[in-house]
Amino acid sequence: MSQRRILVTSALPYANGPIHLGHLVEYIQTDIWVRFQKLRGHDCRYFCADDTHGTAIMKSAKERNIPEETWIAQMKEAHLKAFTGFQIEFDHYGSTHSDANRELCGSFWQSLLNADLVVEKEVIRLYDPKVGMFLADRFVKGTCPNCGAPNQNGDSCVQCQATYDPTELIDPKSTLSEATPEKRPSKQLFVQLEKLHSFLDEWTQEPGHLQTESANYLKNFFLKEPLKDWDISRPGPYFGFQIPDRKDDYWYVWFDAPIGYIASTKEWCDANGQSYEDWWKNSDTEIHHFIGKDITYFHTLFWPAMLKTAGFTLPKRIHIHGFLTVDGKKMSKSDGTFIEALTYLNHLNPSYLRYFYASKLSANDGDLDLNTQEIISKVNSDLVGKVVNLASRSAKFIQETGLSETYPEDGGLFQQASAEGDAIAEAFEACEFSQAVRRIMALADQANQYIDQQAPWKMKKDPDQAQALQDVCTVALNLYRQIIVYLKPILPELAEKTDTLFNKPIEHWEDAKTPLVNQSIQKFKHLMTRIEEKKVNAVIEESKQPEEAPIAGGEFQDSAEPLEKEPLSETIEFDDFMKVDLRVARIVEAKEVPEARKLLQLTLSLGGEERRNVFAGIKAAYEPEALVGRLVIMVANLAPRKMRFGVSEGMVVASGPGGKDVFLLSPDEGALPGQRVH
RNA sequence: GGGCCUGUAGCUCAAUGGUUAGAGCAGGGAACUCAUAAUUCCUUGGUCGGGGGUUCGAAUCCCUCCAGGCCUACCA
């Protein structure tokens, strides 16, 4: 296979807020893809930078009473800390506020001028006389001109969904100073994108450049009609780059941001004795941009147009991903699901999230849901239970002897898994990470079966079987290492620990094709620990922020979520209800069931001599001692159920999703054991 | 209102138009005791969203309806 030259970028995070788990979908996705390409031996480089310009940055700096440069330096440091923590490995991470970027912007600009694409037009905009600047839409609030709702944003109304120009707002107010803005004429520069319409038609529809859903979206939406002129300048004061030969005009942040990809490349090239033009003006370079679907517009229309005009190589592919939801909903600060990267890292291992995202990501732009129960189950059963367990259950048998001198007969397992590597590689290449993970886990299942069949722990008891024992463990550990080769792009840290275990680093994807033999093995140390639910809960707790002022409606603001999660059942008749015999019962004894993960054993009294033995799945939520003596509601006529630990003679009634969130029902004071509930 | 995507087991997802639709997790039963209560075997569980159509044959192709998601609007 010939070596490819691949340049990869992720979208530049805005230097105005911390990195959160939503951002990380993209950086983890990109990082996995880049690590995969590097492991395959390609000349692959990953560039990114902070996006540092615009009015929002000015506002933040102003609020803190510090220069913009100080603010963006602080943000960059925080961003890098988060990325490093999640093992996102850039070849270079720059900033759009750099000399390299300023120069490149100048050269792009000149190309646009030369191509006669820039025109000047006069527009009426809102101006804040107190602050002395024109106001971006987001910094104006006022009464909706359509429905009269007060306190609406500058561009649209949440009440009636109307969109409008901020100059149409009734009674507008600047959110920067509370001043009433003035309407002022402003001369602004526009790029006539329409002149490149046919090029964009062609480029966006060419197979391979975009996912089909994105190509369709552009075709049916923007490209169906003449493209609007792109408003590319902003009047000062504006934190950004001044446009050459224009006294008071700055490039709009979305002009200089994507050029930041090239500037970051250039900084790396300058430091490494290379020419950035070899990367960006070279048809042999594959350029891959990873972005979220919210910025499709900028990367699939403006950006190719700019590259084309300035004579740069066009992207080979734009990889567009969806948004992150948590437990099926948009991230929410009040729910504690707006989780910052650094908050996560305070409690949990980054590998968990890397693996979880990989197991959910595919090449389409659908949203990805982070479900707390699912991440626990996936990591604990796949990674710890299956993969790491392979090493854990075999390494210690051959710590003294090391791996066998020649690779033993294994019934073709290694060969088979080696061949599977091609299909796994194809899945990685196509960004079908979930498929790759599925295939890898199937290999782990096979390897566990092999160990079970061979039963090395039995061989260990018989000195005559010493060679067989070494051979079986040699196979098992090689199958394990092979899996780690495939997982290395996703889990670099686990791969490093595995390198240590085997005294031999994994350096290339092809390492999965050759078994290790005649090799000493380090003393086994735990490679990865299980996720504890309480740590996940701690992340959510730490992420919770006080609710913003309630919208309306008084003091009872119950969430609609429980009902959405478990909708009402169909209507039943009274007789149906009466079949269920609910009784008040007193817990007279409660004890742990040591072998059971979720169960407590309860002895319930229905009064008099009537006792019931009930197993309840509430171990995670209640201490046995705290339960003794309290009254609960039980289903008293439920058919007895034989369980592994004994017969359960009914059930106690509780609400909640399960796990730690279980809430037993209690009757009000005065209720007596044995009384029926109706 | 329009566009795009999705709908398969309780949950997460597979299945080039071709046997009886499969995995993992969860549930039930058993085995094992090397391993971080991990693993292995057996097992329960499906109106492939509904209805039409094309076909020798449809989860898969076409039409239509329903539900969900995302995007976007007096425009496609």
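A quick note: this is a predicted structure, and the numbers were derived from the prediction, not measured. Every chain is numbered from 1 and lettered A, B, ... according to where its sequence line falls, protein lines coming before strand lines.
- Rounded to whole Å, the distance from CZ on A/F222 to P on B/rC71 is 13 Å.
- When rounded to the nearest whole Å, the span between OH of A/Y352 and C1' of B/rU36 equals 11 Å.
- The side-chain tip of A/K293 points at the ring of A/F323 from less than 6.0 angstrom away and within 45° of straight on.
- Side chain to side chain, A/D445 and A/Q449 fail the donor-acceptor criterion of an N or O pair below 3.5 Å.
- Among the protein residues, A/F397 comes within range of the sugar-phosphate backbone only, with heavy atoms under 4.0 Å from sugar or phosphate atoms but none that close to a base.
- Looking at the side chain of A/K360, the nearest of the listed nucleotides B/rC25, B/rC13, B/rU36 is B/rC13.
- Mapped onto RNA chain B by nearest heavy atom, A/A444 and A/S214 fall at different nucleotides, with A/S214 at the one closer to the 5' end.
- Rounded to an integer number of Å, the gap from CD1 of A/I320 to C1' of B/rC5 is 13 Å.
- Only the P atoms considered, B/rA58 is 15 Å distant from B/rG49, to the nearest whole Å.
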Test log, rule side chain to side chain contact (heavy atoms under 4.5 Å, CB included), inputs A/H289 and A/H319 = CA-CA 6 Å; A/H289 296 301; A/H319 305 259; over 6 Å; no

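- Note on A/R530: a side-chain N or O is less than 4.0 Å away from OP1 or OP2 of B/rA38.
- Side-chain N/O atoms of A/Q449 include one lying less than 4.0 angstrom from OP1 or OP2 on B/rC41.
- Only the C1' atoms considered, B/rG24 is 15 Å distant from B/rU40, to the nearest whole Å.
- Comparing the P positions of B/rG53 and B/rG69 gives a spacing of 32 Å, expressed to the nearest Å.
- Taking only side-chain atoms of A/D452, from C-beta outward, the nucleotide of B/rC34, B/rU36, B/rC25 with the closest atom is B/rC34.
- Distance noted for atom C1' between B/rC48 and B/rA9: 10 Å (whole Å).
- The phosphate of B/rC25 (OP1 or OP2) has no side-chain N or O of A/K378 nearer than 4.0 angstrom.
- With a 3.5 Å ceiling on both atom-pair distances, B/rU8 lacks any Watson-Crick or G-U wobble partner.
- Here A/G366 lies out of heavy-atom contact (under 4.0 Å) with every strand.
- B/rU55 is unpaired under the criterion used here, namely a Watson-Crick or G-U wobble arrangement in which both key atom distances are under 3.5 Å.
- At B/rA35, one or more side-chain N or O atoms of A/K396 fall inside 4.0 Å of OP1 or OP2 (strictly under the cut-off).
- For the C1' atoms, the distance from B/rG18 to B/rC63 is 24 Å, rounded to whole Å.
- When all heavy atoms of A/A417 and A/Q482 are compared, the closest pair comes out as CB-OE1, 3.1 Å.
- Proximity note for A/K293 (side chain, C-beta onward) versus B/rC70, B/rC71, B/rC34: the nearest is B/rC70.
- Between the CH2 atom of A/W457 and the C1' atom of B/rA35 there is a distance of 9 Å, rounded to whole Å.
- A side-chain donor-acceptor contact under 3.5 Å links A/Q373 and A/E533.
- The distance from atom CD1 of A/I451 to atom P of B/rA31 is 22 Å, rounded to the nearest whole Å.
- One P atom belongs to B/rG29, the other to B/rG45, and the distance between them is 16 Å to the nearest Å.
- The partner of B/rC41, taking Watson-Crick or G-U wobble pairs whose two distances both stay under 3.5 Å, is B/rG29.
- Remark: B/rC13 base-pairs with B/rG22; criterion is Watson-Crick or G-U wobble with both hydrogen-bond distances under 3.5 Å.
- One interatomic measurement links the two molecules: CD1 of A/I376 to C1' of B/rA38, which rounds to 17 Å at whole-angstrom precision.
- Of the candidates B/rA35, B/rC25, B/rU36, the closest approach to any side-chain atom of A/R393 belongs to B/rA35.
- The NZ atom of A/K228 sits 13 Å away from the P atom of B/rU72 (whole-angstrom rounding).
- At the heavy-atom level, A/F323 lies under 4.0 Å from the strands shown only through sugar-phosphate atoms.
- A/Q522 and A/N503 form a side-chain donor-acceptor contact under 3.5 Å, judged by distance and modelled atom types alone.
- When distances are taken from the side chain of A/R438 to each of B/rA35, B/rC13, B/rG24, the shortest belongs to B/rC13.
- Comparing A/Q435 and A/N448 by the nucleotide of RNA chain B that holds the closest heavy atom to each, the one mapping nearer the 5' end is A/Q435.
- When both distances must be under 3.5 Å, the Watson-Crick or G-U wobble mate of B/rG1 is B/rU72.
- Residue contacts for A/D445: at a heavy-atom cut-off of 4.0 Å it reaches the sugar-phosphate backbone alone, with no base atom in range.
- Within 4.0 Å of A/M441, counting heavy atoms only, lies no atom of the nucleic acid at all.
- Listed nucleotides B/rC70, B/rG24, B/rA35 differ in distance to A/D367; the shortest reach to its side chain belongs to B/rC70.
- With a 6.0 Å cutoff to the six-membered ring centre and a 45° limit on the axis angle, A/K121 counts as a cation-pi contact of A/F190.
- B/rC4 atom C1' lies 13 Å from atom NZ of A/K224, rounded to whole Å.
- As rounded to the nearest Å, B/rU8 and B/rC61 have P atoms that lie 16 Å from one another.
- Comparing the same atom, P, in B/rC62 and in B/rU54 gives a spacing of 15 Å after rounding to whole Å.
- Residue contacts for A/L527: at a heavy-atom cut-off of 4.0 Å it reaches a base atom on one of the strands shown.
- With A/N478 contributing its side chain and A/L516 its backbone, the two residues share a donor-acceptor pair below 3.5 Å.
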